[in-house]
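We name chains A, B, ... by the order of the sequence lines, and we start the count at 1 in each one. Please read these numbers as outputs of a predicted model, since none were measured by experiment.
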Protein chains: 2
Amino acid sequence: MEILKQNQLKITPQRLAVMKYLDENRTHPTADRIYTDLKEKNPSLSKTTVYNSLDTLQNHNIIQSITISPSELRYDFKKSMHHHFLCKRCGDIIDIELECPNIKKTIDQGHKVEEVHGYFKGICKKCMEKQEK
Amino acid sequence: MEILKQNQLKITPQRLAVMKYLDENRTHPTADRIYTDLKEKNPSLSKTTVYNSLDTLQNHNIIQSITISPSELRYDFKKSMHHHFLCKRCGDIIDIELECPNIKKTIDQGHKVEEVHGYFKGICKKCMEKQEK
DNA sequence: TGTTAAATTGTAATGAGTATAAATTGGAAA
DNA sequence: TTTCCAATTTATACTCATTACAATTTAACA
Ligand SMILES: [Mn+2]
Ligand SMILES: [Mn+2]
Ligand SMILES: [Zn+2]
Ligand SMILES: [Zn+2]
């Protein structure tokens with residue numbers, strides 16, 4: 001944990017808490033969800049600090065934000081490249097483990113690609129099965 | 001033009017103006033950009049109407065909104081499936097014409113896919129060339 | 001031409017994210 | 001250890017894209 005902090009970042013309990021939360025909750029939570037949940041154990045926590053921590057971690061490529069939801073950013077521990085699926089019924093955001101074979105074509109066009117986001121939207125497997133009772 | 005309106009939608013000058021704008025400006029504009037530009041020729045236009053029209057057109061699959069920019073929705077005439085590239089330097093959003101070969105895998109996992117969004121971010125070709133003066 | 005449901009308009013409200021400045025603190029130097 | 005200061009946290013105010021609402025207007029049909 002602290003090991004990650006050897007990105008020249010100060011080790012603060014707030015940052016550790018945010019990282020721990022994202023590590024244990026792979027649900028792509030919003031900043032507000034993280035804030036609300038962490039606030040319970042640490043009532044002095046400020047929402048600004050959550051935003052600041054998320055920003056800092058993102059700038060150091062430790063986490064990433066995804067824009068699959070139109071109204072708010074979702075946060076994700078940065079692991080191997082993967083895509084996301086948003087269920088329009090239950091709201092869950094599911095990891096889709098696959099590489100994108102299209103990056104090459106984009107690079108071939110002369111653009112410098114720094115980020116790749118693959119978003120699918122529809123009805124998730126669980127909701128589909130529930131429907132067929 | 002009016003032909004498209006045979007989606008059971010009333011033909012209003014406001015809706016026609018929004019459609020015409022998106023047809024002539026393939027720059028993935030924001031709602032506010034559309035509003036500001038159309039307001040010049042039609043000063044009585046309301047911003048709410050722009051939002052309403054965009055919503056309605058999207059619900060009828062005539063246009064689509066893309067979430068490549070974290071702070072605001074961008075709108076796009078719905079043509080063949082394509083991906084998008086956002087230049088972090090000049091802000092341009094460029095069409096990347098390619099299919100996504102990954103949809104199948106997602107469907108295979110049991111999810112019902114209704115939308116596919118492919119977003120790349122980085123530095124566009126034009127900005128790269130400018131850099132190398 | 002008259003009628004009415006649907007669309008437009010203006011205004012107020014919402015809410016995610018940002019700006020700011022004062023108070024606190026991690027961690028290096030003494 | 002103690003001191004010290006730049007970095008961080010906190011509380012609060014603010015921005016601004018989008019939505020809610022209610023009154024007014026209008027497209028389309030008889
Ligand atoms: Mn993920
Ligand atoms: Mn496009
Ligand atoms: Zn679901
Ligand atoms: Zn560019």
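Counting non-hydrogen atoms under 4.0 angstrom, B:Thr30 reaches nothing in the nucleic acid. Counting non-hydrogen atoms under 4.0 angstrom, A:Asn52 reaches a base of the nucleic acid. No engagement by A:Thr56 is indicated, since no non-hydrogen atom pair under 4.0 Å with the nucleic acid exists.
Rounded to 10 degrees, the angle separating the terminal helix axes of the helix from C:dT1-D:dA30 to C:dA30-D:dT1, each built from five base pairs, is 30°.
Toward the 5′ end of DNA chain C lies the nearest nucleotide of B:Ser46, the other residue of the pair B:Pro70 and B:Ser46 mapping further downstream. Along DNA chain C, the nucleotide closest to B:Lys39 and the one closest to A:Ala31 are compared, and the more 5′ of them pairs with B:Lys39. The residue among A:Asn42 and B:Asp32 whose nearest nucleotide of DNA chain D is located toward the 5' end is A:Asn42.
Taking atom CD of residue B:Glu72 and atom P of nucleotide C:dG17, one finds them 14 Å apart after rounding to whole Å. Regarding B:Tyr35, its OH atom lies at a distance of 14 Å from the P atom of C:dT8, rounded to whole Å. Following rounding to the nearest Å, A:Leu45 (CG) and C:dA23 (C1') show an atom-to-atom distance of 16 Å. Note: CG (B:Leu38) to P (C:dT9) measures 11 Å, nearest angstrom. Between the CZ atom of A:Arg15 and the C1' atom of C:dT25 there is a distance of 12 Å, rounded to whole Å. Separating the CG atom of B:Leu54 from the C1' atom of D:dA17 is a distance of 13 Å, rounded to the nearest angstrom. For B:Tyr51 and C:dA7, the OH to P distance is 20 Å, given to the nearest whole Å. One interatomic measurement links the two molecules: NE2 of B:His60 to C1' of C:dA6, which rounds to 12 Å at whole-angstrom precision.
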Fill in: Evaluation steps, side chain to side chain contact (heavy atoms under 4.5 Å, CB included), between A:His84 and A:Ile96
CA-CA 5 Å; A:His84 291 97; A:Ile96 305 288; 5.8 Å; no
Practice prompt. Evaluate side chain to side chain contact (heavy atoms under 4.5 Å, CB included) for A:Ser80 paired with A:Glu97, printing each intermediate quantity in order.
Written response: CA-CA 9 Å; A:Ser80 62; A:Glu97 299 295 347; 4.0 Å; yes
Fill in: Check against side chain to side chain contact (heavy atoms under 4.5 Å, CB included), A:Arg26 and A:Asp23
CA-CA 7 Å; A:Arg26 304 298 181 119; A:Asp23 186 43; 2.7 Å; yes
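Checking the phosphate oxygens (OP1, OP2) of C:dT25, no side-chain nitrogen or oxygen of A:Gln14 falls inside 4.0 Å. Remark: B:Ser53 is not in phosphate contact with C:dA7, judged by side-chain N or O atoms under 4.0 Å from OP1 or OP2. For A:Thr48 and C:dG17, the shortest distance from a side-chain N or O to OP1 or OP2 is not below 4.0 Å.
B:Asn7 and B:His60 share no side-chain donor-acceptor pair at under 3.5 Å. A donor-acceptor pair shorter than 3.5 Å can be found between the side chains of A:Gln58 and A:Ser65.
Inter-residue side-chain proximity for A:Ile94 and B:Gln109 is flagged as unmet; no heavy-atom pair is nearer than 4.5 Å.
Between B:Tyr119 and B:Thr67 the shortest heavy-atom distance is OH-N, 3.0 Å.
Each of C:dT8, C:dG27, C:dG17 was ranked by its minimum atom distance to the side chain of A:Ile11; first place goes to C:dG27. Set against D:dT8, C:dA5, C:dG17, the side chain of B:Lys10 has C:dA5 as its closest nucleotide.
For the side chain to side chain contact (heavy atoms under 4.5 Å, CB included) test with A:Pro29, the passing option among A:Asp76, A:Asp37, A:Ile34 is A:Ile34; the others fail.
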